[in-house]
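We count residues from 1, following the sequence as given.
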Amino acid sequence: MNEQFDSIVIGAGHAGVEACLALARKGHKVALLTISLDAISFLACNPSIGGTAKGHLVCEIDALGGEMGINTDATSIQIRMLNAGKGPAVYSLRAQVDKQEYHNRMKRVLENEPNVFIKQAEVKQILTAGGQVSGVVTQQGETYYAKTIVVATGVYLKSRIIIGEYSKNVGPNGFSRAEDLTESLASLGHSIIRFKTGTPARLNGRTIDFSAMEIQKGDNNIQSFSFLSEQTPENKTCCYLTYTNLNTHKIILDNLNRAPMYNGEISSVGPRYCPSIESKIVRFADKDRHQIFLEPEGLNTNEYYVQGVSTSLPVDVQKLMYSSIKGLENAMLMRDAYAIEYDAIDSTQLKPTLESKLVKNLFFAGQVNGTSGYEEAAAQGLIAGINAALALEEKEQLVLKRNEAYIGVLIDDLVTKGTNEPYRMMTSRAEYRLVLRQDNADVRLTEIGRKIGLVNDVRYNAFKQKQAQVLKVKALLDTKLKLDDTLFALFKAKGESAPTVGMSVKKAIKRSNINIFDIEEYYGLFTNYDKRILEYVNTEVKYEGYIAQEDEDIAKLLKQEAIKIPENIDYLSLKGLRMEAREKLDKIRPLNVGQASRISGVSPADISVLIIYLKSIK
């Protein structure tokens, strides 16, 4: 088979499907090649989407025209807002989804998308001609040609699962691994690194004593992930909380010599922020217990995911360990926990567009870039797909700035700083958290998605209608509240000192204990407006001063971002720069001074030298 496509996407995980859909929806003919059709959007680890900072990414994907948010809302079985007791900058949606339905629905979306050709095939070689991609060759002997390629291979490159003394050269969940593609990428000049992640056991829900655990219910009447979802997701099930104990810890410590992480069987680097249970016990030796969440894998299965007990200990130790936990004394393991090692590339060899610096029109997205998590993968896949499409159209490519999106922070961190461990998105990585909230993702990004061509008329009209409603709500903020019994009653009920004068709605909302919903309760001003719109306006009012301060900081950032750096600059011979700075700048080759200033090993003094030089060559 020697068929010609506009683009080829290798891998159909969360990165691959977003890349494929972005290309296809922009009118390009795409071949989606995956080792297994059963692995399309497969949730290999936890059966959930979202979480701290990850929820932000999903909302941004949705605002740009991606599919993850829509798919999550459609298959959600429980949804919660994390960090609700903290500030709105760190509010993060997290949904338990039906694992099989999530896969099924996304597969149907791909199958029904015009311009998408799906084939179960393993790619072994990337073809190039004249320094740019030309196609791929599969293990089955087929050749596919295309002008752009997106590599979204997840954790499948030479993957190996490890369970105690047992190991096997397979991918997650027993899927086949990619045998030869690593060598092809290396032959093109890409540096290969070896990472590790893992997943807990799955237990039979019929053998779990949920009555011994704390029930974790979902939240009602909260926002959905997608701005297109008209109905809030329905809570159809519960999660449960229990804890490890000193006996659990003793079982683990007594068997550390059999733990691959500690006996040398595993030497690759694992995720710092999602460690195995044995790493947690060793690292936090002063802790008497650790939280464990039991999460249902779906409505049509008894399998439960044991959040917080990822391990690669031998099966006999796993059985002892799990049975030592309250509520799991008689629990039956349906799937053993395991660690998985896999190959990834050095992400600093990528441009901020996610295009390889070494091969033109070759893009990378997802865990192959050194990240962890479904949401990080999907975000990269969307951007890689967009830029592969823009390359075909010979248009300027999309680079989201750090002040525009968490996606911008994620990709900038990867290509500017690189990572020596699986990278996880966190709110603390973003400098402008109040500006980059979940509730304003559509405000920040929908116009960008529309300009690119991914935001269709339905989505755009919904966005414009929402904006019109926001303006109407903001106009009502100037409404004068008289100094009368109603105002006194409101202030007394909310624990505020008694008012001495009348005031505007906006001024009342700025009080610590009063919000826009309290105004609605006492005055009925906002009865006909969507709750999400009211929450958005409430946050804008409450944090107006802080947002203004972030806007000032962003203005300073944009001044540096505006100073472009020529692609052909010779850093190694640039006088005044320290040798470390020369080498780092030469390797990363930043697009602008802002990006250069974020490179590890480049000091403010180096940036001053660089700016002076750039001015001298104008």
Take atom [atom1] in [X]; do more than 12 heavy atoms of anything else shown fall under 6.0 Å from it?
X	atom1	value
Arg283	CZ	yes
Met81	CE	yes
Lys357	NZ	yes
Lys29	NZ	yes
Lys417	NZ	yes
Lys584	NZ	yes
Asn300	CG	no

Should [X] and [Y] count as an ion pair when the cut-off is N to O under 4.0 Å?
X	Y	value
Arg108	Glu113	no
Arg94	Glu295	yes
Lys326	Glu214	no
Lys54	Glu376	yes

Find out whether the Lys NZ or Arg CZ of Arg177 is both under 6.0 angstrom from the six-membered ring centre of Tyr156 and within 45° of the ring's axis.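 That pair does not qualify as a cation-pi contact.
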
Taking [X] for its side chain and [Y] for its backbone only, find out whether a donor-acceptor pair lies under 3.5 Å.
X	Y	value
Glu375	Gly50	yes
Asp412	Gly408	no
Glu18	Met68	yes
Gln96	Pro47	yes

Among Gln125, Lys158, Gln139, find the residue that satisfies the side-chain hydrogen bond (donor to acceptor under 3.5 Å, both in side chains) test when tested with Asp180. Gln139

Among Thr72, Asn71, Asp73, Asp62, find the one that has a side-chain hydrogen bond (donor to acceptor under 3.5 Å, both in side chains) with Ser226.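 Option passing the side-chain hydrogen bond (donor to acceptor under 3.5 Å, both in side chains) with Ser226: Asp62.
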
First locate atom [atom1] of [X], then atom [atom2] of [Y], and finally report the distance between them rounded to the nearest 0.5 Å.
X	Y	atom1	atom2	result
Arg194	Ser159	CZ	OG	7.5 Å
Glu183	Leu188	CD	CG	12.0 Å
Glu303	Leu333	CD	CG	11.0 Å

On the 0 to 90° scale, with breaks at 30° and 60°, tag the Phe117-Tyr144 ring pair as parallel, tilted or perpendicular. tilted

Name the orientation class of the two ring planes belonging to Phe42 and Phe175 (parallel below 30°, tilted from 30 to 60°, perpendicular beyond 60°).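 Plane angle over 60°, so perpendicular.
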
I need the full list of ring-ring contact (aromatic ring centres under 6.0 Å, His included) pairs touching residues 280-322, with sequence neighbours left out, sorted by first then second residue. Phe210-Tyr304, His249-His290

Given Ile8, Ile40, Thr34, Val116, the one that forms side chain to side chain contact (heavy atoms under 4.5 Å, CB included) with Cys20: Val116

Using side-chain heavy atoms (C-beta onward) and a distance below 4.5 Å, is Lys124 in contact with Thr138? no

